[in-house]
K.L.:
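Before we start, here is the structure in question, set down as structure tokens.
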Amino acid sequence: MGNHRGQRPPAPDAATTVHLASLLQSCGRAGDLRRGRRLHARLVLTGAAAASTFLANHLITMYSHCADPASARRLFDEMPRRNAVTWTALVSGLARNGAHGEALAAFAAMRRAGGATTQFALSSAARAAAALAAPLHGAQLHCVSVRLGFDTELFVASSLADMYSRCGLLSEAFRVFDEMPQKDAVAWTAMIDGYAKNGRLHAAVLAFLDMRREGLVGADQHVFCTVLSALGGLKDGRLGGSIHCCVMKAGFELEVAVRNALADMYAKAMDLDNASRVLKIDPGGWNVVSGTSLIDGYIETDCVEEALGIYVELQRKGIEPNEFTFSSMIKGCAMQALLEQGAQLHAQVIKTNLIKDSFVDSTLVDMYGKCGRINLSIQLFNEIEYLTDIAWNAVINVFAQHGHAKEAIRAFDRMICSGIRPNHITFVSLLTACSHAGLVDEGLKYFYSMKDTHGIEPKEEHYSCIIDMYGRAGRLDEAYKFISEMPIKPNAYGWCSLLGACRMRGNKELGELAAQNLMKLEPGNTGIHVSLSGIYASLGQWEDVKAVRKLMRDRSIKKLPGFSWVDSNKKTHVFGSEDWSHPQKKDIYEKLEELTTRIKEEGYIPDTSILPCNLEDIAKERILRYHSERIAVAFALISMPATKPIIVKKNLRICADCHTALKFISKVEKRDIIVRDNSRFHHFVNGRCSCGDYW
DNA sequence: ATAGGGTTAG
């Protein structure tokens, strides 16, 4: 060995050793690497580092705690004598600093070296296996623990339980947990969080209540954070409120993380009043995490103004927005199609150098797509350096929403080729793309490949995509056969798709079935009756139309009015059907008249058959002409520079007649018109629509 | 001397 040059220096006396060790410990606790390095140099000079394994072990630990695992490793390699603590300090230091693979390798080397395997090293190695989601490694560690009698030891067992639940093996986790003779708050947290992270939110809350019932262990801040997070997922503000009481009684209300978890729980339960109250307990309540939770809560409840208010407030308080804040804000712009604000946030993201965050850049891809700017969206996607599954999902979804199924499929193929594994969200987008373009065979192929090739069990949303696909293609019998043979019941989206398809095809029996099921799932859905009466109207069954109308009156159900939005001169203008409240109504009306005349010359014939009422055709034509999307387009044509594309957002599906009219308008006006309805995009260019009239 | 758990996003 190269270390045995000359005489071994004398080891320092016991008192000096203890003193030096405590100095090293304090460096580690403070994370003071500079002072730690100076001490190290002193120990090398005096020869103490080489002479005392005890002090060298302390040095390794100091470096690990100061986030310098490379120095720890170097020191380890140079040590002439290593004991079990030396090995343990190396393994845990690597795991602590995120070098999980190296930690597992070091653990294996420790075993090969033949010294004692400590419970400390075992729990560190289990932590590394958990971080790597490596259940096979983890199970081996479990075996070693059993052989050495450590498998029920507090630290080893709780890290093994955590490892199993992070690998999705909840029953294994529970078995380890159950066999612990005594459990502390850490063990309970691992278990509660294990349930929550595996989607068993109720079980997580029940585990918390079990812990309280047993009464042996008091909940600490970690326990409260975990259970509050689970309650947020359940959107249960009432139960959350009672946990809030427990938090106050236990005296954790002012802990930052607990308070963040409380604010987030209330925000997710859409109780924004209580969420903001948590922040106002004292001035320290405002931080980037709680602020972002509040912003996201407002975004999710469609209160963009309030979200923006919080965003401004954060900056006023000198709290810098982080990648979470930006992705929530950008998501809000995407939901409301606020292109200008979204682009401003994009600029901020570049300025703060958060553009490399995969959540943020994927949200930007989504935002540009949802604002109708597919080219910007794709351009941004192409500039992303490290493509993650999130980014791929975003771009596939953008293609799907815009009806570019072939591109969506090509992106999916590229995703697979680049070695990124698709997840269930990927398939929702891919199947949507196939559905929106009428690629039934491809869609079915991908649907069946989910389980066979990719090992992903299709969920209700995937089944609903297939129902939608058959429905849009007019293959209603196959849709019904598919529903009958499904292992689960269709969700509301599935029945809604079927109902819409039945309306397009005038299928009364299946339409009534879909309506009945949808009513059970969404009693407040106003579209059901409208669609049903549409089916009857298309069949000329006016008595049935009247009956539905009466039903709607009796249950005081109102038709959801159609609205269209268009941004012009940095202002959003909203139009309703036959809505003439706009200050420029006279000009808009004249433009609309002019357009109608010109497109009729081009061959436009109003399609009055789609209206569900028994009116004279002249009256029907008037209704069609004043649909909100047409008013919005007429307004955009007279108010926007000719170079800008017109982007109209709708809260309902675009009607067939407006679709035809807008094709003609795009031709006679030589303008690109983009309509985002409630399910997808239509790009009208020179008399054609990107959907190819299939939607 | 060396060890385990928590809060914000698609």
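Numbered from 1 within each chain, the chains take letters A, B, ... in sequence-line order.
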K.L.:
Looking at residues 285-300 of chain A, who's got a heavy atom less than 4.0 Å off DNA chain B?
P.N.:
A:V288, A:V289, A:T292, A:S293
K.L.:
Tell me: CZ of A:F359 to C1' of B:dG10, nearest whole Å?
P.N.:
6 Å
K.L.:
Looking across every strand, which nucleic acid part, if any, lies under 4.0 Å from A:T61 by heavy atom: base, sugar-phosphate, or nothing?
P.N.:
sugar-phosphate
K.L.:
Choose from B:dG10, B:dT7, B:dA3 the nucleotide whose nearest atom is closest to any side-chain atom of A:I390.
P.N.:
B:dG10
K.L.:
Rounded to the nearest Å, what distance is computed from the CG atom of residue A:N260 to the C1' atom of nucleotide B:dT7?
P.N.:
5 Å
K.L.:
Which nucleotide in the set B:dG10, B:dA3, B:dT7 lies at the smallest distance from any side-chain heavy atom of A:H65?
P.N.:
B:dA3
K.L.:
Answer with base, sugar-phosphate or nothing: what part of the nucleic acid does A:D366 contact at a heavy-atom distance below 4.0 Å?
P.N.:
nothing
K.L.:
Counting only heavy atoms not in A:M270, do more than 12 fall under 6.0 Å of its CE?
P.N.:
no
K.L.:
Between A:Y164 and A:H142, is any side-chain donor less than 3.5 angstrom from a side-chain acceptor?
P.N.:
yes
K.L.:
Indicate whether A:F120 forms a stack on B:dA3; treat it as stacked only if centroid distance is below 5.5 angstrom and interplanar angle below 30 degrees.
P.N.:
no
K.L.:
Side chain of A:H222 only, please: which of B:dG10, B:dA9, B:dG5 is the nearest?
P.N.:
B:dG5
K.L.:
Check whether the ring centres of A:Y368 and A:F381 lie less than 6.0 Å apart, and answer yes or no.
P.N.:
no
K.L.:
Between B:dG4, B:dG5, B:dG10, which nucleotide has the shortest distance from any of its atoms to the side chain of A:D389?
P.N.:
B:dG10
K.L.:
Rounded to whole angstrom units, what separation is found between the CZ atom of A:R259 and the C1' atom of B:dT7?
P.N.:
13 Å
K.L.:
Side chain of A:D184, base of B:dG4: donor and acceptor closer than 3.5 Å?
P.N.:
yes
K.L.:
Whether the side chain of A:T189 and the base of B:dG5 hold a donor-acceptor pair under 3.5 Å is what I'd like checked.
P.N.:
yes
K.L.:
Nearest-Å distance, CZ (A:F381) to C1' (B:dG10)?
P.N.:
14 Å
K.L.:
Base, sugar-phosphate, or nothing: which does A:L154 touch, judged by heavy atoms less than 4.0 Å apart?
P.N.:
base
K.L.:
We want to know whether A:N83 and A:N57 form a side-chain donor-acceptor pair, criterion being a heavy-atom distance below 3.5 angstrom.
P.N.:
yes
K.L.:
Answer with base, sugar-phosphate or nothing: what part of the nucleic acid does A:A185 contact at a heavy-atom distance below 4.0 Å?
P.N.:
base
K.L.:
Checking A:E460 now: which residues fulfil salt bridge (Lys or Arg N to Asp or Glu O under 4.0 Å) with it, not counting sequence neighbours?
P.N.:
none
K.L.:
Taking atom P of B:dG10 as reference, at what distance in whole Å does atom CG of A:N423 sit?
P.N.:
14 Å
K.L.:
Not counting sequence neighbours, which residues clear side chain to side chain contact (heavy atoms under 4.5 Å, CB included) with A:K197? List them please.
P.N.:
A:D193
K.L.:
Without decimals, in angstroms, what is the distance between A:R96 CZ and B:dG5 P?
P.N.:
10 Å
K.L.:
Going by ring-ring contact (aromatic ring centres under 6.0 Å, His included), name the pairs with one or both residues in residues 256-303 of chain A, residues two or more places apart or in two chains.
P.N.:
A:H244-A:Y266
K.L.:
Rounded to whole Å, how long is the line connecting atom CD of A:Q182 with atom C1' of B:dG4?
P.N.:
14 Å
K.L.:
Nearest to the side chain of A:V186, which nucleotide is it out of B:dT7, B:dA9, B:dG5?
P.N.:
B:dG5
K.L.:
Pick base, sugar-phosphate or nothing for A:E153, based on heavy-atom distances below 4.0 Å to the nucleic acid.
P.N.:
base
K.L.:
OP1, OP2 of B:dA9 versus side-chain N and O of A:K268: anything below 4.0 Å?
P.N.:
yes
K.L.:
Do A:T226 and B:dG6 share a donor-acceptor pair, side chain to base, under 3.5 Å?
P.N.:
no
K.L.:
Which residues pass the salt bridge (Lys or Arg N to Asp or Glu O under 4.0 Å) test with A:D296, not counting sequence neighbours?
P.N.:
A:K331
K.L.:
Counting any heavy atom closer than 4.0 Å, what does A:T118 reach on the DNA or RNA strands: base, sugar-phosphate only, or nothing?
P.N.:
nothing
K.L.:
Answer yes or no: is there a side-chain heavy-atom contact under 4.5 Å between A:D220 and A:V186?
P.N.:
no
K.L.:
Establish, with yes or no, whether the OP1 or OP2 oxygen of B:dT7 is under 4.0 angstrom from a side-chain nitrogen or oxygen of A:K197.
P.N.:
yes
K.L.:
Looking across every strand, which nucleic acid part, if any, lies under 4.0 Å from A:V223 by heavy atom: base, sugar-phosphate, or nothing?
P.N.:
base
K.L.:
To the side chain of A:K331, which of B:dT7, B:dG10, B:dA1 is closest?
P.N.:
B:dG10
K.L.:
Tell me, which of residues 21-29 of chain A have any heavy atom that sits under 4.0 Å from an atom in DNA chain B?
P.N.:
A:Q25
K.L.:
Report yes if a donor N or O on one partner sits less than 3.5 Å from an acceptor N or O on the other, where the partners are the side chain of A:D220 and the base of B:dG5; otherwise report no.
P.N.:
yes
K.L.:
Roughly how many Å is it from CZ in A:F174 to P in B:dG5, rounded to a whole number?
P.N.:
20 Å
K.L.:
Taking all non-hydrogen atoms of both residues into account, name the closest pair between A:C66 and A:L33 and its distance.
P.N.:
CB-CD1, 3.6 Å
K.L.:
Do the side chains of A:K317 and A:E313 get close enough for a salt bridge, i.e. N-O under 4.0 angstrom?
P.N.:
yes
K.L.:
Just N and O in the side chain of A:S229: are any of them under 4.0 Å from OP1 or OP2 of B:dT8?
P.N.:
yes
K.L.:
Counting side-chain heavy atoms from CB outward, which of B:dG4, B:dG6, B:dA1 is closest to A:N57?
P.N.:
B:dA1
K.L.:
For residues A:M367 and A:C371, determine if any side-chain heavy atom of one lies less than 4.5 Å from a side-chain heavy atom of the other.
P.N.:
yes
